[in-house]
There are 2 protein chains.
Amino acid sequence: MRPTVNDIAREAGVSLATVDRVLNDRPGVRAKTAEAVQEAIRRIGYVRDVAAANLARQRDYRLAFVLPDTDSQFIRTLLGALTDAGHLSAALRTDVVLRRFPAEDPHALAGILAALPEAGVVGVALMAPETPVVRDAIRSLRQKGLAVVALVSDLPNTERDHFVGIDNRAAGRTAAVLTGRFLRAGPARVMVLSDSMLLRESIERRLGFDEVMQARFPGIGVLPSLETHGQGALLHDFVGQTLARYPDIGGIYSLGSGQRALTTCLDRLGRAGQLVVIGHELTPHARTALESGAMDAVITQNVGHVVRSALRVLRAKADRGPIDLSQEQIRIEIVIRENLPASLPPGPGTRLSAAREEN
Amino acid sequence: MRPTVNDIAREAGVSLATVDRVLNDRPGVRAKTAEAVQEAIRRIGYVRDVAAANLARQRDYRLAFVLPDTDSQFIRTLLGALTDAGHLSAALRTDVVLRRFPAEDPHALAGILAALPEAGVVGVALMAPETPVVRDAIRSLRQKGLAVVALVSDLPNTERDHFVGIDNRAAGRTAAVLTGRFLRAGPARVMVLSDSMLLRESIERRLGFDEVMQARFPGIGVLPSLETHGQGALLHDFVGQTLARYPDIGGIYSLGSGQRALTTCLDRLGRAGQLVVIGHELTPHARTALESGAMDAVITQNVGHVVRSALRVLRAKADRGPIDLSQEQIRIEIVIRENLPASLPPGPGTRLSAAREEN
DNA sequence: GCAGGAATGACGTACGTCAATCAAAGAGCC
DNA sequence: GGCTCTTTGATTGACGTACGTCATTCCTGC
């Protein structure tokens, strides 16, 4: 049988009340007595029954996900994973609230963050670019005792508790190795596309990409990044012109997650399947592109894993409990057509309640 | 506030007892009444508080992992993941017992399996080759109400509830694409090594490998598999002879998980780093081989994920609950030096208790 | 309309923990 | 020794669910 608090009390020769005080480090216990209790705990190998504890405590974890209101495929995938996970974690007394902020408005974001403590939120997963305003908002949240994790995009110079996502520089390096090795012939050029080079991810990926390209594939010339800002027309023109100007272009590296515009553009230019095309994030479009051969590889992170990891970490932080780093490490996945995971129907479809969804 | 069973009772206009009967589908409720209760559940959005339920039920999940007693790196990694997971899932009222069986003795295995029900085990994760004896043992376990999942190696013609692992044919296809694309020049040959071609994994991987090779890389000749049976000397001789006989060998595909013998052998032959070397399973040796450049890619599955998934599935099956397929899908991961996950120190080191470890 | 079985209700206890109370015992100080 | 102030003990009622017993009500067929 698993030992309980009563066993500790008996073993340590103290009362249940004292054990409780020690367990929840409440004041009113002499250091020596506390040590005796700890010793008893160690001796009989007691582990707190979190379920019973949470039941008694009437605890529920109210966690907020704060995301930009951009309507990209990636965000949509993330939201899908979030609703799935939210449904499952009902069993874990977890209650997820979603907040969206105007992508280009750090002050609006700060306002949303500032309002979270009053909404009873005890932990926040935040996907946002790092700005001074955001830095301050995070500090203020932390001071109020909320746990904060950075999601997908790290916020290294803030007081966030944890980062859930991949090392984008390593992701860029990975992309470079694949590009370099997939290009069979000798000298060639590679085009680099990006939604916006203001995003930390894009910069880091590019950095990693260039590192490897210079060191391991000196015969391959890498063109400067083009920022498309989500504008298909701009992309189409540029890709067409560049391909015409440099006939030796053998590959395209797409730093961002928007792959649809690129593949349709290559299609219209009649160049689909002729170039090595590598991009990021396994969105539905990327998936079809891999299946059709329009893309050769996608570097991605498992979004479901990202969301679940964020939830676990936030719960652990809220309890000041430990986290299992090996489980929380998000892997940089390489996906080609052959190891494409089967696409599953969306989850049980529990929407986050409307009341919570609106702002 | 989250709705409780009492709310259901009030809402449906029945007593608590009836609600309970419906929830745990016990007999003694008219179909019409049961439907009314279900309707009330739907209406108020009740979700059972699994924690409280398990607490009340005094339930704990006693799950067994049954593995061969081979001392390979892969098994060792698996065991590591298992002890880590076992430690964590103490909080989930889960209690893992480990059983090892002599690798070549199906009858011993059957004996071990047969003894599980009496040990109070409610679910079994089994890694073993499929034999008639095992098939019967599994059927008998299922009849006694135990849940059975196949681990790593599938048992498709048995009555197992679920398979936790990867599609090895797809893994072989993936290996083929990488081999083919990494070999820069035109025509070449590829050597294939295997511990034993009797294992289902090896056969399936080879199958997938050949499929892709024939279809997409007709210029590459694939040699027949050599079975090394874990004997380094044999491997060394064969690799040396084959390399001498076919000077156009450009790559080696290692079907099994033992990579150490291969890399040391290439080292001694002075051919390390000159061939495209691709293998399976991210063991510590494979990791060093990737880091040193002795291997080019490893196709692997996340062992931690495999173990946790098996635990989740077994718990769910034991409760006749649903499982979240998207979370339980094990991905075929491609690992190269650039996306090698950081190696973490082993977990908190809770050994499975000795009493349980010894058969 | 009545027996007989099936369906339902009422109630109590338990699970392991938390949190609060009040009382009692001990320590430290003058 | 008498006084605070701190530490400890004993007890109790939740939390949401399971599950048993026993009593009662509802159908169904005759």
Side-chain angles (χ1 to χ4, degrees), chain A residues 1-41 44-61 90-95 318-321, chain B residues 1-41 44-61 90-95 122 315 318-321:
Chain A
M1 275 279 73
R2 194 169 145 176
T4 76
V5 275
N6 290 288
D7 301 325
I8 305 178
R10 192 166 4 86
E11 187 72 17
V14 299
S15 80
L16 239 164
T18 304
V19 172
D20 182 68
R21 287 188 262 258
V22 172
L23 280 176
N24 301 290
D25 47 26
R26 265 187 278 279
V29 181
R30 247 181 317 174
K32 221 181 81 188
T33 315
E35 183 41 50
V37 172
Q38 295 288 7
E39 166 55 24
I41 291 178
I44 65 178
Y46 166 84
V47 267
R48 191 202 218 100
D49 186 328
V50 195
N54 284 344
L55 181 60
R57 215 193 297 249
Q58 270 284 74
R59 188 182 211 336
D60 44 345
Y61 305 87
L92 296 164
R93 320 186 81 76
T94 302
D95 171 15
D319 287 340
R320 291 171 195 10
Chain B
M1 275 283 72
R2 195 169 145 175
T4 77
V5 275
N6 289 289
D7 301 326
I8 306 178
R10 194 167 4 86
E11 188 74 15
V14 299
S15 81
L16 234 158
T18 304
V19 173
D20 182 68
R21 288 188 260 258
V22 172
L23 281 177
N24 301 291
D25 44 25
R26 267 185 276 276
V29 181
R30 251 180 313 171
K32 222 182 79 189
T33 316
E35 184 39 53
V37 173
Q38 295 289 7
E39 165 56 25
I41 290 178
I44 64 178
Y46 167 84
V47 267
R48 189 202 218 101
D49 186 328
V50 195
N54 284 343
L55 182 61
R57 214 192 297 246
Q58 272 281 74
R59 184 179 215 339
D60 44 349
Y61 305 88
L92 296 164
R93 320 187 81 78
T94 303
D95 173 14
V122 300
R315 272 194 295 261
D319 288 341
R320 293 171 193 6

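What's counted below: heavy atoms across the whole structure, side chains too, no hydrogens, waters or symmetry copies. In this text the structure is predicted, and so the values were computed from the model without any measurement.
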| Sequence neighbours excluded, which residues qualify as side chain to side chain donor-acceptor pair (under 3.5 Å) partners of A:Arg26? | A:Asp20

Of the listed nucleotides ([options]), which one gets closest to any side-chain atom of [X]?
X       : options                : result
A:Thr18 : D:dT17, D:dT8, C:dG16  : D:dT8
A:Ala53 : D:dC26, C:dC18, D:dA18 : C:dC18
A:Asp20 : C:dT8, C:dG16, C:dA19  : C:dA19
B:Ser15 : C:dA10, C:dG16, D:dA18 : C:dA10
A:Ala56 : D:dG16, C:dG16, D:dA18 : C:dG16
A:Leu55 : D:dC15, D:dT17, C:dC15 : D:dC15
B:Arg57 : D:dA10, D:dC19, C:dT17 : D:dC19

| Do the side chains of A:Ile8 and A:Val14 get nearer than 4.5 Å, heavy atoms only? | no

| field | Heavy-atom side-chain contact between A:Thr94 and A:Asp60 under 4.5 Å | value | no

Taking [atom1] from [X] and [atom2] from [N], how many angstroms apart are they, rounded to a whole number?
X       : N      : atom1 : atom2 : answer
A:Leu16 : D:dG13 : CG    : P     : 16 Å
A:Leu23 : C:dA19 : CG    : P     : 11 Å
A:Ile8  : C:dT17 : CD1   : C1'   : 11 Å
B:Asn6  : D:dG16 : CG    : P     : 9 Å
A:Glu35 : D:dT7  : CD    : P     : 16 Å
B:Arg26 : D:dT17 : CZ    : C1'   : 10 Å

| query | For C:dC18, does OP1 or OP2 lie under 4.0 Å from any side-chain N or O of A:Arg48? | reply | yes

| said: If I take atom CG from residue A:Asn6 and atom CD from residue A:Glu11, how far apart are they, to the nearest 0.5 angstrom? | reply: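 Rounded to the nearest 0.5 Å, the CG-CD separation comes to 13.0 Å.
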
| query | Out of curiosity, B:Gln38 CD to B:Thr33 OG1, how far, rounded to the nearest 0.5 Å? | reply | 11.5 Å

| request: Please state whether the base of C:dG9 and the side chain of B:Arg21 form at least one donor-acceptor pair under 3.5 Å? | output: yes

| note | Assert: residue with more 5' nearest nucleotide on DNA chain D, out of B:Lys32 and B:Tyr46, is B:Tyr46

| note | Whichever of A:Arg30 and A:Asn24 has the more 5' nearest nucleotide on DNA chain C, that residue is A:Asn24

